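The block underneath contains the structure these notes are about, expressed in structure tokens.
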Amino acid sequence: MDYSEKVMDHFANPRNIGEIPDADGVGTVGNPACGDTTTVYIKVSDGRITDIKFKTFGCAAAIATASMATELALGKTLDEALAMSRNDVADALDGLPDVKMHCSNLAADALHAAIEDCLAK
Amino acid sequence: MKRIYLDHAATTAVDREVVQTMMPYFTETYGNASSLHSFGRDAKNALDAGRRTVADALGAQANEIIFTSGGTESDNLALKGVGKGHIITSSIEHPAILNTCKYLTDLGCEVTYVPVDSEGMVDPGDVESAITDDTVLISVMHANNEIGTIQPISEIGSIAKDHGILFHTDAVQSFGKTEIDVQKMNIDLLSVSSHKIYGPKGVGALYIRKGAKIKPLMHGGGHELGMRASTENIPGIVGFAKAASLATERFESDTRHLTGLKDMLIAGVMDSIDDVILNGHPTERLPNNANLRFAFVEGESLLMHLDMKGIAVSTGSACSSASLDPSHVLLALGIAPEDIHGSIRFTLGRGNTESEIKYVLEVLPEIVGKLRAMSPLAGR
Ligand SMILES: Cc1ncc(COP(=O)(O)O)c(C=O)c1O
Ligand code: FES
């Protein structure tokens, strides 16, 4: 598997791992293609994401995209974060192998689910 | 960084003695074994000697060995060569068998896939009850490439014999690692491959019992007793034969060495990491195979972390396959897809050492711990 250096970096040293016990929003998404899971936790104040954490059971691409997605989303407004697509995350990682593009859904979808959970509260 | 190769079921390094033996056959003894002159006769002598060596390693006659391009071709020749009819095989065969069966099904053949138990064992009784009037071939692998489970081949062989049906076994993984005798085991057709036993890639053989009616795949100049046209790969065959004779020579010391390392690895992992299960059979398994299931972690991630430490393994995880399907072998054992994710195959080789296994045992708990710490499944 040919992963970019950025993917390998985020895979080897993932940012923002963990849980937020008093999160304002939590989103969990399973990957229908291979059966993996990502959960994203967010803290929100004044409409901005002030803290974000994730947990992933998945491949190197799933871990790296979750790490990158949380890094990109931190400090963004909820609208800005909702507008982030899987391609944004993949691009920030200098691309993903074609067979691994589906893994980046996991990160983006879990982030969006966490935001929707927050908005629904 | 020091690199540790624990993926010998995928392929092996060519033994230096094997390379030495092959060298003259590229530049000096380069004749075509079909030529009548001295160059050709020299090549023919090397070919004949190689055939005898491989035959001896299997308890066969020299004229029952057909050299091929590898295990895949041997499997194809066995299955397609038998002719139309009902085939019985197992659900855990290598793709070389399963995809050939799929192809034959498209051509109108009927195929029955007998199941395996949770340790990967075929029940010979299931094979016998699957036999119909149209059955032309039973093909059950000797040892599985993923989990190393060794099948009751002799029993299945005698069932086939009693019913007058040809019996093929894919012995690509077992050759050199378990005792094989085509007479005692009632085997009619048997596939082997050179690159799994420290020989060169691109060479293998099919044993075809004298009298078994098999049609060739390759038509041409009548090489290999008419069974496989194409000028013989003499350096490859010489190397394969050398590797086979080394495997016979070193059988006992290899078995002792591999079993020791495998047991050390399995016990060490079980001692230092919770929630680990050994996939496959506890005793009826290849001496070099440790297939372990680490709960709550995904195999590709685990593999990549080990790779960053220089350790090469393989995984049955869906994430690592192009199709995103989990291993069909582990599925056949009845393991849940999310548990298959965390399966890692370590396959040891002649060159591995105790200190290498110690190193694996040093780094593995930390890697598994790190992945479990980020897994939403752990601690639920
Ligand atoms: C059980 C089994 N059968 C067949 C093959 C194919 O052999 P080859 O690579 O020589 O074509 C392999 C190798 O992966 C194998 O493990
Ligand atoms: S998460 Fe399974 S392939 Fe990436």
Side-chain angles (χ1 to χ4, degrees), chain A residues 1-5 7-21 23 26-41 52-67 69-70 96-107 110 113-114, chain B residues 1 7 10 275 293-328 330-331 334-344 363-364 366-380:
Chain A
M1 188 71 58
D2 249 351
Y3 285 128
S4 71
E5 270 176 43
V7 172
M8 287 309 294
D9 175 37
H10 277 263
F11 165 62
N13 311 293
R15 330 306 194 238
N16 306 314
I17 284 184
E19 299 175 20
I20 302 176
V26 181
T28 295
V29 172
N31 187 341
C34 61
D36 295 337
T37 310
T38 287
T39 302
V40 170
Y41 304 81
I52 184 161
K53 294 266 184 275
F54 80 93
K55 285 200 151 188
T56 290
F57 166 72
C59 70
I63 291 170
T65 49
S67 169
T70 56
L96 284 170
D98 281 348
V99 291
K100 292 291 182 179
M101 274 310 285
H102 69 96
C103 313
S104 55
N105 284 328
L106 214 54
Chain B
M1 183 175 53
D7 200 13
D275 297 310
R293 203 153 97 221
F294 299 85
F296 319 126
V297 301
E298 190 282 315
E300 192 208 275
S301 291
L302 196 43
L303 179 152
M304 304 271 302
H305 270 290
L306 287 168
D307 189 41
M308 289 192 284
K309 298 275 187 199
I311 302 166
V313 299
S314 81
T315 172
S317 170
C319 297
S320 71
S321 76
S323 62
L324 296 176
D325 293 325
S327 147
H328 72 281
L330 299 176
L331 275 178
I335 304 172
E338 62 270 24
D339 293 332
I340 292 175
H341 266 86
S343 290
I344 294 283
V363 302
L364 194 56
E366 192 188 321
I367 294 173
V368 173
K370 190 170 164 177
L371 289 171
R372 282 183 178 167
M374 71 169 88
S375 169
L377 306 185
R380 267 200 185 162

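Protein chains get the first letters and strands the later ones, always in sequence-line order, with residue 1 at the start of each. Worth saying up front: this structure is predicted, and the values here are computed from it rather than measured.
Atom CZ in Phe57(A) sits 5.0 Å away from atom NE2 in His341(B) (nearest 0.5 Å).
Between Asp36(A) and Glu338(B) there is no side-chain heavy-atom pair separated by less than 4.5 Å. With contacts defined as side-chain heavy-atom distances shorter than 4.5 Å, the pair Lys53(A)/Met374(B) does not qualify. Counting heavy atoms from C-beta outward, Ile63(A) and Ser301(B) have side chains that approach closer than 4.5 Å. Considering only heavy atoms from C-beta on, Met304(B) stays 4.5 Å or farther from Cys59(A) through its side chain.
Using modelled atom types, no side-chain atom of Lys55(A) and backbone atom of Arg372(B) make a donor-acceptor pair closer than 3.5 Å. Remark: the backbone N or O of Ala60(A) is paired with a side-chain donor or acceptor of Glu300(B) at under 3.5 angstrom.
By the 6.0 Å contact criterion, NZ on Lys309(B) is open, its count of non-hydrogen atoms from other residues, nucleotides or ligands being 12 or less.
Per-residue heavy-atom pair counts under 4.5 Å with chain B were compared for Gly58(A), Ala12(A), Cys103(A), and the maximum is reached by Gly58(A). Most heavy-atom pairs under 4.5 Å with chain B, from the set Thr56(A), Ile17(A), Thr38(A): that is Thr56(A).
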